[in-house]
Amino acid sequence: MNLAAQILAVLAGLLHVVIFTMESVLFRQPQVHGRFLVRTEELPAVRPWALNQGFYNLFLALGALGGVLAVHIADTATAGAAVALFACGCMLGAALVLLVTDRRMARAAAMQGTLPLLALACAALF
């Protein structure tokens with residue numbers, strides 16, 4: 001896994017840690033849940049899925065970050081690259097689902113999907 005792909009995978013992982021924090025820790029704040037098009041009166045119904053979704057994002061982040069870390073351990077370099085790139089592929093897939101599901105979330109989908117897409121492209125092209 002080349003250096004550019006590693007850097008982009010790490011950045012994608014760190015972004016998904018931020019997304020986890022928004023969905024699982026800060027979601028009750030109006031400026032946060034508003035970004036997800038959720039009104040305050042909907043919080044009791046929406047909060048459980050947001051918490052769950054946040055943890056999905058955290059686990060994807062850990063896959064990308066742990067995979068890149070494993071790239072630097074001699075016996076696990078190939079497996080580490082596979083894990084990091086699989087996590088990036090899942091992040092990109094989730095961004096595409098978000099875009100197809102609700103076009104109003106196009107900006108969020110672009111933010112969520114650009115770094116993993118670039119990581120995958122760098123890994124494939126270089």
Side-chain angles (χ1 to χ4, degrees):
M1 186 172 182
N2 63 61
L3 183 59
Q6 290 178 52
I7 291 169
L8 289 161
V10 165
L11 291 173
L14 293 174
L15 175 62
H16 279 72
V17 169
V18 170
I19 295 169
F20 155 76
T21 303
M22 291 172 65
E23 291 174 335
S24 295
V25 178
L26 303 174
F27 194 75
R28 288 187 178 99
Q29 295 180 9
Q31 67 272 24
V32 175
H33 64 74
R35 288 178 171 248
F36 296 93
L37 307 178
V38 174
R39 296 185 307 257
T40 302
E41 60 271 13
E42 299 170 328
L43 279 176
V46 173
R47 176 72 179 117
W49 68 254
L51 180 70
N52 184 276
Q53 185 65 32
F55 274 92
Y56 268 87
N57 283 305
L58 178 62
F59 299 144
L60 289 174
L62 293 175
L65 297 170
V68 170
L69 181 62
V71 165
H72 295 279
I73 300 172
D75 293 340
T76 61
T78 301
V83 169
L85 294 173
F86 178 76
C88 286
C90 291
M91 291 173 187
L92 177 58
L96 292 173
V97 169
L98 180 60
L99 177 63
V100 170
T101 302
D102 191 340
R103 298 284 182 177
R104 296 173 297 169
M105 300 299 284
R107 182 173 177 229
M111 286 178 50
Q112 177 180 335
T114 299
L115 290 169
L117 172 64
L118 292 173
L120 292 166
C122 285
L125 298 175
F126 303 109

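Everything numeric in this text was worked out from a predicted model, so none of it was measured.
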Spacing of Leu69 atom CG and Gln6 atom CD [to the nearest 0.5 Å]: 10.5 Å
Separation between CG of Leu96 and CG of Leu117, rounded to the nearest 0.5 Å: 8.5 Å
Exam field: side chain Asn57 to backbone Gln53, donor-acceptor pair closer than 3.5 Å: yes
Leu65 with Leu85, same ILVMFWY side-chain cluster at under 4.5 Å: yes
Closest non-hydrogen atom pair, Arg39 against His33: C-CE1, 3.9 Å
Main-chain N/O of Phe126 paired with Asn2 side-chain donor or acceptor, under 3.5 Å: yes
Distance in Å, Arg104 CZ paired with Leu37 CG, rounded so as to fall on 0.5 Å steps: 5.0 Å
Leu118 with Val68, same ILVMFWY side-chain cluster at under 4.5 Å: no
Single-linkage hydrophobic cluster, 4.5 Å side-chain cutoff, Leu58 and Phe27 together: yes
Atom pair CH2 (Trp49) and OH (Tyr56), whose distance is rounded to the nearest 0.5 Å: 13.5 Å
Hphob cluster co-occupancy, Ile19 + Leu11, side-chain heavy atoms under 4.5 angstrom: yes
Leu43 versus Arg28, closest heavy-atom pair with distance: CD1-O, 3.9 Å
Parallel, tilted or perpendicular, as decided by the 30° and 60° cut-offs, for the rings of Phe20 and Phe55: perpendicular
Shortest non-hydrogen contact between Glu41 and Pro44, atoms and distance: O-CD, 3.7 Å
Separation of Thr114 OG1 from Met91 CE (nearest 0.5 Å): 13.0 Å
Side-chain touch Leu8/Cys122, heavy atoms, less than 4.5 angstrom: yes
Pro116 to Cys88 - nearest heavy-atom pair and separation: CB-O, 3.3 Å
Non-hydrogen side-chain atoms of Phe86 and Val83 separated by less than 4.5 Å: no
Whether over 12 other heavy atoms sit under 6.0 Å from Arg35 CZ: no
Heavy-atom side-chain contact between Met22 and Phe36 under 4.5 Å: yes
Nearest heavy-atom neighbours spanning Ser24 and Ala50: OG-O, 4.1 Å
ILVMFWY cluster, Leu125 and Leu3 together (side-chain gap under 4.5 Å): no
Point-to-point distance, once rounded to the nearest 0.5 Å, from CG of Leu99 to CZ of Arg107: 14.5 Å
Exercise: identify the closest heavy-atom pair between Met111 and Leu15: O-CD2, 3.1 Å
